[in-house]
2 protein chains.
Amino acid sequence: MTPTRATKPERGRGALGPALELVHTGRAPTRAVLTAELGVTRATAGAVAAELEALGLITVDSRPTAAGSQGRPSHRLSVNPDGPVVLAAQVHADGFRAALVGLGGRIVATEPGRLTVEADPAQVLAEVVGVGARLLRETGRRCLGAGLSVPSAVAEPEGTALNPLHLPWPPGVPVREIFTRCLAEAGIPGPSGDAPMVGHAANDINLVALAEHRHGAGRGARDLLCVATAHRGVGGALVLDGRLHTGSSGLALEVGHLTVDPNGRSCHCGGRGCLDVETDPLAFLEAAGREPGPETGMLRRALDLLRTEYAADPAVRDAAHLLTDRLGLGLAGLVNILDPDRIILGGLHGALLEVDAERLHAVMEERSLWGRSGTVPVLACALEHNSLVGAAELAWQPVLDDPMAALGS
Amino acid sequence: MTPTRATKPERGRGALGPALELVHTGRAPTRAVLTAELGVTRATAGAVAAELEALGLITVDSRPTAAGSQGRPSHRLSVNPDGPVVLAAQVHADGFRAALVGLGGRIVATEPGRLTVEADPAQVLAEVVGVGARLLRETGRRCLGAGLSVPSAVAEPEGTALNPLHLPWPPGVPVREIFTRCLAEAGIPGPSGDAPMVGHAANDINLVALAEHRHGAGRGARDLLCVATAHRGVGGALVLDGRLHTGSSGLALEVGHLTVDPNGRSCHCGGRGCLDVETDPLAFLEAAGREPGPETGMLRRALDLLRTEYAADPAVRDAAHLLTDRLGLGLAGLVNILDPDRIILGGLHGALLEVDAERLHAVMEERSLWGRSGTVPVLACALEHNSLVGAAELAWQPVLDDPMAALGS
DNA sequence: CTCTCTTTGTATCGCTCCCAAACAAAGCGG
DNA sequence: CCGCTTTGTTTGGGAGCGATACAAAGAGAG
């Protein structure tokens, strides 16, 4: 038994993590605001900011700012643009993408790629990590973590991809383990020097929600629900109090099998008229009387059709209305269960919102139990490469939780 | 360093709350376990325990225990049976109940009552609080808080009962405000002496979940889902990391309107075949071919019928199977969205589980997406007066969060 | 331009919390 | 009786942080 916790020589400032998160999410633009947000004295906030600057994570700018407000202008806080980064990787139906992402969700470098040997997860991940490692060499940045976005539910704590979508992968691939091994083989060291880099992996829609919560349309929300489509199917994610809610085994928010049309088409889940099959790009293309074509690129085609033909083609408009009605039904059901204070929509759903927000609100209001789901703000996702940024957020999390420990100094 | 030693015994302010919660929930039976659970040194745990004992909340017993294990026996920790209490009140269709509840969920005194003037919430609550005040006088206990359980969704932060069930109350009654006023009028002072007592109020099923999580069938669960019936309708609640998840406006877990039978009866929500109308006592009595009778007492009659006639009457058995199948469908849907690590069932649902658990598991497994909802443990509620105890938990929460502040010393 | 007001940054002091270490106590087994 | 193990207790000291006083940097008034 070891009741002795942690070590003593490491002076761990308690407020260091929360302070970094405030700067990271842009909620503490100045030291004065940081002081107020942390609820500490100016002296303490100053020490914390100085510490974070010494760690190379943020910059404290005491230069004048032409603020215009009264009193002495506060020092400006910002993420250090030349600071460390994390490696973010994304695998999807059309290919992959690697990126280096700094604090604040800033993409420092990124590069896409096409899948050559789709069927082998290890080889695909090795390719992505290889590109990331090259970016690291080219930029010479210090890398503090690594995160991976996959189009599949990821079971915790094993880190296995249960249902890879649009990828010829078998179910149950241990993506986190493979990702971590690839990092080691690419020669990317861990932040502490000697220990190897451990990779994080999660479902892409979860990461979209996380990224949008920190840097996009979900900023400031306390209970954020995210619903989005890829090419096929519908996914969901929930951010509670700033943390991803993945459930007890990582499989929460499988929202695709809510019933939105009792007489709808049958679904592989055994039900009928599920959100999954009634509001995805395939359903839209079919409802509009278009040839759906191959699965890959279906989202793109649906988006193009909706945006270009909505005003002109009655069939497209009718299809959009049909899907909007079903989506509203599903969202109302989710509001009854989750009671979020904001909803963000991605993929085709985001586009449906942009095309006719009023219709969606009307359906939700009609179906809401206490007249509230009609009042929940619904927004479209606002961030580019959001699941990639989300993968970076995953990798940043240990640093945000305890900067001193994560930096190994 | 100057020897300014032994100034005040005001120690352990940080870990005081967590320590009290550990003793309260029975997870720290000895000081040694407390030390390990808190992750502090023996010295700190000792100081914390002594502080809590000095506050009169727990007792530290250094007497031998005939443990049989090696080493010096640890001091035993337990809730102080003569310590302070909270006032718990419950209003339901058949009447009301007041109680004094100590730490550990121990009911010190309780007394039921019948509603005389149902239609006036203020008068009903005044009656309940009156009984509670009498119990307080009779026992002479110090009262640290007050909690109320109502059969209605309670909107936050207003504290209004939106849909009182089986009570002739209008929707939107500000129950928390009225409750607090009744406490003041009954002459019950706040814990700090001068400030008045503020009441807490919540939905009964939420409180069932809370009570069962702390002291009943939900102990040790991290993500606990509770589903239960009263006389009519179905309610749900979720406890995440030991805290009730009520959503952003207190209205989460309205699980009654999941579709479990696409061709089922129509529901007031506008849908068809909702869990609410397909698995409640009325649905059961009708399915069994019985005359449902008046709404009040419907749960009792359904329970009696199920328990006494299940083995003998094929119609009852068929009805039970029908409801079990529908319930399994609903639970599978909830597992897909919430991914709990345990489910507890109350009311008729608990009885259905006791009668045929295997059938329920089979349905859930068949409808589970990743073969996991079949593996989620499903238990029946195990606590008597659980919503009353839950109301007490609500009242204890400030004390558990910060004992020093809550006791006003 | 200078004086005052307001707001913020900085230096110092002292207090509180809590760890670490050493020691004492209480049971078990020889 | 003495070791062994586990736990409670005492003591010293260090780190974090609040409180306070003072300095700095702008805005506005005259």
Side-chain angles (χ1 to χ4, degrees), chain A residues 1-19 28-54 58-77 402-405, chain B residues 1-19 28-54 58-77 402-405:
Chain A
M1 177 99 69
T2 54
T4 53
R5 58 151 23 175
T7 48
K8 181 208 157 212
E10 289 186 19
R11 37 176 188 154
R13 256 198 182 79
L16 221 54
T30 68
R31 242 188 63 179
V33 175
L34 180 68
T35 302
E37 289 289 321
L38 289 179
V40 297
T41 59
R42 290 198 296 272
T44 304
V48 166
E51 187 77 48
L52 288 175
E53 190 178 30
I58 72 171
T59 56
V60 181
D61 186 3
S62 56
R63 304 265 308 292
T65 159
S69 71
Q70 226 171 357
R72 174 176 175 174
S74 185
H75 291 185
R76 304 181 70 80
L77 302 178
D402 189 344
M404 301 278 291
Chain B
M1 186 65 76
T2 47
T4 52
R5 188 120 292 275
T7 47
K8 279 188 230 172
E10 192 173 333
R11 302 189 110 209
R13 217 174 99 176
L16 221 54
T30 68
R31 242 189 62 179
V33 175
L34 179 69
T35 302
E37 288 289 320
L38 289 178
V40 297
T41 58
R42 290 196 298 270
T44 304
V48 166
E51 185 75 47
L52 289 175
E53 189 179 31
I58 72 171
T59 57
V60 181
D61 186 3
S62 58
R63 303 288 313 287
T65 160
S69 71
Q70 227 171 354
R72 175 177 176 175
S74 186
H75 291 186
R76 303 183 70 79
L77 302 179
D402 189 343
M404 300 280 287

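In what follows, chains carry the letters A, B, and so on, assigned in the order in which the sequence lines appear, proteins first and then strands, with residues in each chain numbered from 1.
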[X] side chain, from C-beta outward: closest of [options]:
{"X": "B:H75", "options": "D:dA25, D:dG8, C:dT10", "result": "D:dG8"}
{"X": "B:P73", "options": "C:dA26, C:dC19, D:dA25", "result": "C:dA26"}
{"X": "B:S74", "options": "C:dT10, D:dG26, D:dG8", "result": "D:dG8"}
{"X": "B:A32", "options": "D:dG26, D:dA19, D:dT7", "result": "D:dT7"}
{"X": "B:V40", "options": "C:dC19, C:dT10, D:dC17", "result": "C:dC19"}
{"X": "B:R72", "options": "C:dA26, C:dC18, C:dT6", "result": "C:dA26"}

### Message
I'd like to check B:V60 versus B:L77 (side-chain heavy atoms, cut-off strictly below 4.5 Å). Are they in contact?
### Response
yes
### Query
Heavy-atom distance under 4.5 Å between the side chains of B:S74 and B:V33, does that happen here?
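Counting from C-beta outward, B:S74 and B:V33 never come under 4.5 Å.
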### Query
What residues form a side chain to side chain donor-acceptor pair (under 3.5 Å) with A:T44, not counting sequence neighbours?
A:T41
### Query
For B:V40 and B:A45, which heavy atoms make the closest approach, and how far apart are they?
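The pair with the smallest heavy-atom distance is CG2-N, 3.9 Å.
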Give the rounded distance in Å between these two atoms: [atom1] of [X] and [atom2] of [N].
{"X": "B:L38", "N": "C:dC17", "atom1": "CG", "atom2": "C1'", "result": "14 Å"}
{"X": "B:D61", "N": "C:dA26", "atom1": "CG", "atom2": "P", "result": "14 Å"}
{"X": "B:D402", "N": "C:dC17", "atom1": "CG", "atom2": "P", "result": "12 Å"}
{"X": "B:E51", "N": "C:dC18", "atom1": "CD", "atom2": "P", "result": "11 Å"}
{"X": "B:E37", "N": "D:dT7", "atom1": "CD", "atom2": "C1'", "result": "17 Å"}

side-chain N/O [X] vs [N] OP1/OP2, d < 4.0 Å:
{"X": "A:R76", "N": "C:dG9", "result": "no"}
{"X": "A:R31", "N": "C:dG9", "result": "yes"}
{"X": "A:T44", "N": "D:dC17", "result": "no"}

## Note on the structure
Whichever of A:G71 and A:G46 has the more 5' nearest nucleotide on DNA chain C, that residue is A:G71
### Message
Which is more 5' along DNA chain D, the nucleotide nearest A:Q70 or the one nearest A:V48? Just name the residue.
### Response
A:V48
### Task
Check if the side chain of B:R42 and the base of D:dG8 share a donor-acceptor pair of N or O atoms closer than 3.5 Å.
yes
### Residues that A:Q70 engages under side-chain contact (heavy atoms from CB on, under 4.5 Å), provided they are two or more places apart
none
### Task
Indicate, with a heavy-atom threshold strictly under 4.0 Å, whether A:A43 touches base, sugar-phosphate, or nothing.
base
